[in-house]
Amino acid sequence: AGFFDLLGTPLLRGREFTAEEDAAWDAAPVAIVSEGFWATRLGAVEDLSTATVELDDRVLEVIGVYPRELGLLLDDAPVVTPLAASLEMDRGEHYLTVVGRLADGIALERAIEELAAAVTREGEIHEVHYGWSATADPITIALLGEQTIRAGWILLVAAGLLLGMACLNVSSLLLAR
């Protein structure tokens, strides 16, 4: 609940999950689908109240459509359902990648310090979490990786140099003419 609002990205159609639909271990039979899935499998139906999908032998009511811009963040998942997790039940699980947004005026370094302190406190309270760590990365680094970003900058500079040389050659030809 509130995931798309957190990202500041509105859904193309429909609405987000409500807190009641995302209640621990009792998720409502609802789903949000990708724009591609909506277009190809659901025929881009305007009225989502009639749209359903079958997932794991459950019929889910489609309540929203997320834009393709979020595909990388959501691993291009065609169907997204409520998490319905509970700290009491999932105490020993460590399988989630969490996405958050920093409040205005909060530096990433401060957020990392507070996150580390929270993980340390959690390890002191619950032995199963002892020794675990957590960190925060900007979303571009988390999704693409530092090497990909660095390679992108190198390619951008190389393309700029190539364009500069081509312009210089054309201008030299025009001057010689």
Side-chain angles (χ1 to χ4, degrees), residues 1-103 111-112 114-116 118-149:
F3 177 73
F4 297 98
D5 185 44
L6 170 86
L7 296 177
T9 306
L11 294 173
L12 292 177
R13 295 255 185 275
R15 63 172 178 83
E16 284 192 65
F17 302 122
T18 63
E20 293 78 29
E21 290 169 339
D22 198 22
W25 299 108
D26 190 26
V30 293
I32 296 175
V33 297
S34 69
E35 185 178 356
F37 186 90
W38 173 67
T40 57
R41 296 284 184 91
L42 300 177
V45 61
E46 295 291 325
D47 183 17
L48 292 179
S49 65
T50 61
T52 60
V53 294
E54 187 175 337
L55 183 67
D56 295 332
D57 297 326
R58 275 180 77 190
V59 175
L60 306 174
E61 174 190 354
V62 176
I63 60 169
V65 178
Y66 74 82
R68 71 183 74 235
E69 294 85 37
L70 293 178
L72 185 60
L73 182 62
L74 296 172
D75 290 330
D76 289 322
V79 179
V80 179
T81 61
L83 178 61
S86 165
L87 285 177
E88 292 77 29
M89 301 298 287
D90 276 351
R91 186 58 64 192
E93 302 296 327
H94 299 90
Y95 60 91
L96 291 177
T97 300
V98 180
V99 177
R101 190 169 71 192
L102 294 178
I112 291 172
E114 289 183 15
L115 185 60
V119 169
T120 301
R121 278 192 310 272
E122 186 69 19
E124 292 168 356
I125 295 169
H126 301 283
E127 189 176 308
V128 71
H129 292 284
Y130 184 78
W132 284 87
S133 64
T135 188
D137 291 320
I139 194 135
T140 53
I141 291 175
L143 291 175
L144 301 175
E146 289 183 33
Q147 291 81 10
T148 304
I149 293 171

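For the numbers below, each heavy atom of this structure counts, side chains included, while hydrogens, waters and symmetry mates do not. In this chain, residues are counted from 1 in sequence order.
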Pairwise distance CG(L144) to CG(D137) - rounded to 0.5 angstrom: 12.0 Å
Distance, nearest 0.5 Å, that separates CG of L55 from OG1 of T81: 6.5 Å
From V33, T50, T52, residue fulfilling side-chain contact (heavy atoms from CB on, under 4.5 Å) relative to V62: V33
V59 versus P29, closest heavy-atom pair with distance: O-CB, 3.7 Å
Heavy-atom closest contact (A136 atom, L115 atom, distance): N-CD2, 4.1 Å
Minimum side-chain heavy-atom gap L73-Y66 below 4.5 Å: no
CD-CG distance between E16 and L7, expressed to the nearest 0.5 angstrom: 8.5 Å
Non-hydrogen atoms of A111 and L102 that approach each other most closely: CB-CD2, 3.4 Å
Min side-chain heavy-atom separation L83-F3 under 4.5 Å: no
Spatial distance of atom CD (E69) from atom CD (E35) [nearest 0.5 Å]: 7.0 Å
Any L48 side-chain heavy atom under 4.5 Å of W38 side chain: yes
Side chain to side chain, V80 and F17, heavy atoms closer than 4.5 Å: yes
Non-hydrogen atoms of S34 and A77 that approach each other most closely: CB-O, 3.8 Å
Heavy-atom neighbours of E54 CD exceed 12 at 6.0 Å: yes
Distance (rounded to the nearest 0.5 Å) between I32 CD1 and F4 CZ: 4.5 Å
Closest contact, heavy atoms only, L60 versus V30: CD2-N, 4.0 Å
Least distance between heavy atoms, I63 atom then E21 atom: CD1-OE1, 3.9 Å
Rounded distance [0.5 Å steps], CD1 in I141 versus CD1 in I139: 11.5 Å
